[in-house]
Visitor: 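Below: one structure in structure tokens.
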Amino acid sequence: QSKADGGNTFHLFSSKMDHHVKETIALENELRNAIEQDQLELFYQPQINLENNEIVGAEALLRWNRPDYGVVAPNVFLGTAEEVGLILPIGEWVIFAACKQAKKWMDMGLDTPRIAINISPTQFRKQDVPQLLKDALVSCSLPPEKLEIEITENIVLHGSEATVRDLRVIREMGIAVSIDDFGTGYSSLAYLSRYSVDCLKIDRCFTRDMMTDPNSTVIIKAIVGLGASLDLSIIAEGVETREQVDYLKDAGCELAQGYLFGKPVPAQEFSLLLEQQSLKAQGQYPQKVLVGAE
Ligand code: C2E
Ligand code: MG
Ligand code: MG
Ligand code: MG
């Protein structure tokens, strides 16, 4: 009898479960195995110096090769990963994978740019991020100048004294610190003096609206001015057109990242970009290295 009841209960519950809940559970279960089954991968997107079109950095962006789904973008699964606590092992995996890859490029003799990794606020709150970074650098024999972390304004706005200390330690180790999606958060700039950072990444929405909304240009110019005064570098995210490059240069912005110069690509493909750049530097390869860089 209890068996029959159980069956009924399950049936009722099952019919009530909406598609979304089922999908979230499936996602969670599969995500749990993603690391062990080697399904996570970092793609790399070039960061460009607009003066000479050289690659000065690479942002590591997480992808999940999910069975039956293909390549899944981080916004699809990082929310769930946060909710169920998987963001910590995933975040650790990202740190070590990026350091290993950077070291690999150095060992290949490539002029390896600094690799920027995204770190979630949760990871900052719950783990000893400075120690994790130190462990990764040591175990990969990677010089700290090759590493950069990107954090969001939220971390610095709602961060504790511990966060202030952590960021200082990270910078003292020689790792650069960037504020991602800059300009979209709570509009207090006070934290910029409280936290020591190296770089502000102008959010894509300003780059996107620059041509149609004069206010976006004003904001970009203001951020560039802020950078000059506070001795921070400024990089524009989401650059897709040459026209945007002209506007950015006009606004005094010297660094850029976006589809115009290259989409995020697997490590092996990024190696080719670095190889081409090395050859070009040696005067052996006069062709243009990047599509957007003329
Ligand atoms: P983000 O750190 O602001 O990264 C930039 C996002 O903009 C990336 O999306 C990138 O592919 C996209 N993008 C770059 N250039 C262009 C462009 O010209 N046009 C357009 N439309 N988009 C462009 P992606 O890779 O889907 O990553 C989304 C977000 O997921 C990232 O935003 C970041 O917040 C988060 N994320 C990615 N990888 C990681 C990771 O390893 N750890 C953590 N905690 N978060 C990550
Ligand atoms: Mg980022
Ligand atoms: Mg961003
Ligand atoms: Mg973003």
Side-chain angles (χ1 to χ4, degrees), residues 31 34-35 39-48 55 57-65 70-83 85-102 114-127 129 132-133 136 147-155 176-185 197-211 223 234-245 248 255-267 269-270 290-293:
L31 200 49
I35 295 180
Q39 293 168 2
L40 297 183
E41 182 175 1
L42 290 177
F43 277 30
Y44 297 87
Q45 185 179 33
Q47 300 178 325
I48 302 297
I55 299 172
E59 180 171 5
L61 293 155
L62 187 59
R63 299 290 182 265
W64 176 22
N65 297 305
V71 182
V72 184
N75 290 334
V76 176
F77 63 91
L78 284 183
T80 301
E82 291 265 354
E83 279 170 38
L86 285 170
I87 192 70
L88 300 183
I90 290 175
E92 272 184 53
W93 181 90
V94 168
I95 291 171
F96 278 82
C99 288
K100 260 183 243 163
Q101 186 58 60
R114 190 150 64 190
I115 311 296
I117 51 180
N118 294 279
I119 302 216
S120 112
T122 309
Q123 201 171 3
F124 246 96
R125 258 197 329 272
K126 296 200 175 162
Q127 276 185 318
V129 175
L132 271 179
L133 293 168
L147 198 58
E148 173 172 336
I149 60 161
E150 295 190 5
I151 55 176
T152 60
E153 281 177 285
N154 276 338
I155 296 183
V177 177
S178 289
I179 309 270
D180 209 347
D181 305 338
F182 185 77
T184 56
V197 301
D198 301 274
C199 177
L200 307 178
K201 301 191 73 180
I202 301 175
D203 191 78
R204 186 159 65 86
C205 68
F206 301 114
T207 311
R208 185 192 56 210
D209 297 344
M210 207 168 25
M211 247 61 75
I223 297 175
I234 304 295
I235 182 165
E237 295 194 87
V239 178
E240 296 180 354
T241 68
R242 295 244 37 111
E243 202 183 1
Q244 288 171 337
V245 170
L248 285 169
L255 304 174
Q257 174 180 350
Y259 293 170
L260 176 68
F261 303 104
K263 290 195 171 181
V265 290
E269 224 172 293
F270 199 85
L290 295 158
V291 182

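Values in this document were obtained by computation on a predicted structure and should not be read as measured data. Start at 1 and go down the list; that is how both ligands and their atoms are numbered.
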Visitor: Of the listed options (F261, W93, Y259, F182), which comes nearest to atom 18 (O) of ligand 1 when hydrogens are ignored and any heavy atom counts?
Guide: Y259
Visitor: I'd like the atom name of the N/O/S atom in D180 lying closest to the Mg ion (ligand 3).
Guide: OD1
Visitor: Nearest to the Mg ion (ligand 2), which N, O or S atom of E59 do we find?
Guide: OE2
Visitor: According to side-chain contact (heavy atoms from CB on, under 4.5 Å), who are the partners of V177, at least two apart in sequence or on a separate chain?
Guide: I149, I151, L167, I170, R171, V197, D198
Visitor: Please confirm whether Q257 approaches ligand 1 to less than 4.0 Å, judged on its heavy atoms.
Guide: no
Visitor: Side chains of T207 and Q244: donor-acceptor distance under 3.5 Å anywhere?
Guide: no
Visitor: With carbon and hydrogen excluded and only N/O/S kept, which atom of E150 is nearest the Mg ion (ligand 2)?
Guide: OE1
Visitor: Heavy atom under 4.0 Å from ligand 1: found in K201's side chain, backbone, both, or neither?
Guide: neither
Visitor: Looking only at heavy atoms of G238, does any of them come nearer than 4.0 Å to an atom of ligand 1?
Guide: yes
Visitor: Using a strict 4.0 Å cut-off to heavy atoms of P264, name the atoms of ligand 1 that fall inside it.
Guide: 11 (O)
Visitor: Would one find an N, O or S atom of S178, in either backbone or side chain, under 2.8 Å from the Mg ion (ligand 2)?
Guide: no
Visitor: Give the contacting part of Q45 toward ligand 1: side chain, backbone, both or neither, where contact means a heavy-atom distance below 4.0 Å.
Guide: side chain
Visitor: Listed by chain and number, what are the salt bridge (charged side-chain N to carboxylate O under 4.0 Å, His left out) partners of R208, not counting sequence neighbours?
Guide: none
Visitor: Any heavy atom of R63 closer to ligand 1 than 4.0 angstrom?
Guide: yes
Visitor: Report the part of I117 in contact with ligand 1, treating N, CA, C, O as backbone and CB onward as side chain, heavy atoms under 4.0 Å; options are side chain, backbone, both, neither.
Guide: neither
Visitor: Does any N or O of ligand 1 fall below 3.5 Å from an N or O anywhere on A60, backbone included?
Guide: no
Visitor: From the Mg ion (ligand 2) out to just under 2.8 Å, does an N/O/S atom of E237 turn up?
Guide: no
Visitor: Compare T122, V72, L78 and give the one whose heavy atom is closest to atom 46 (C) of ligand 1.
Guide: L78
Visitor: Given V76, V94, I90, T152, which one has a non-hydrogen atom that is nearest to atom 41 (O) of ligand 1?
Guide: V94
Visitor: Taking the Mg ion (ligand 3) as the reference point, name the nearest N/O/S atom of D181.
Guide: OD1
Visitor: Hey, is E59 one of the residues with a heavy atom under 4.0 angstrom from ligand 1?
Guide: yes
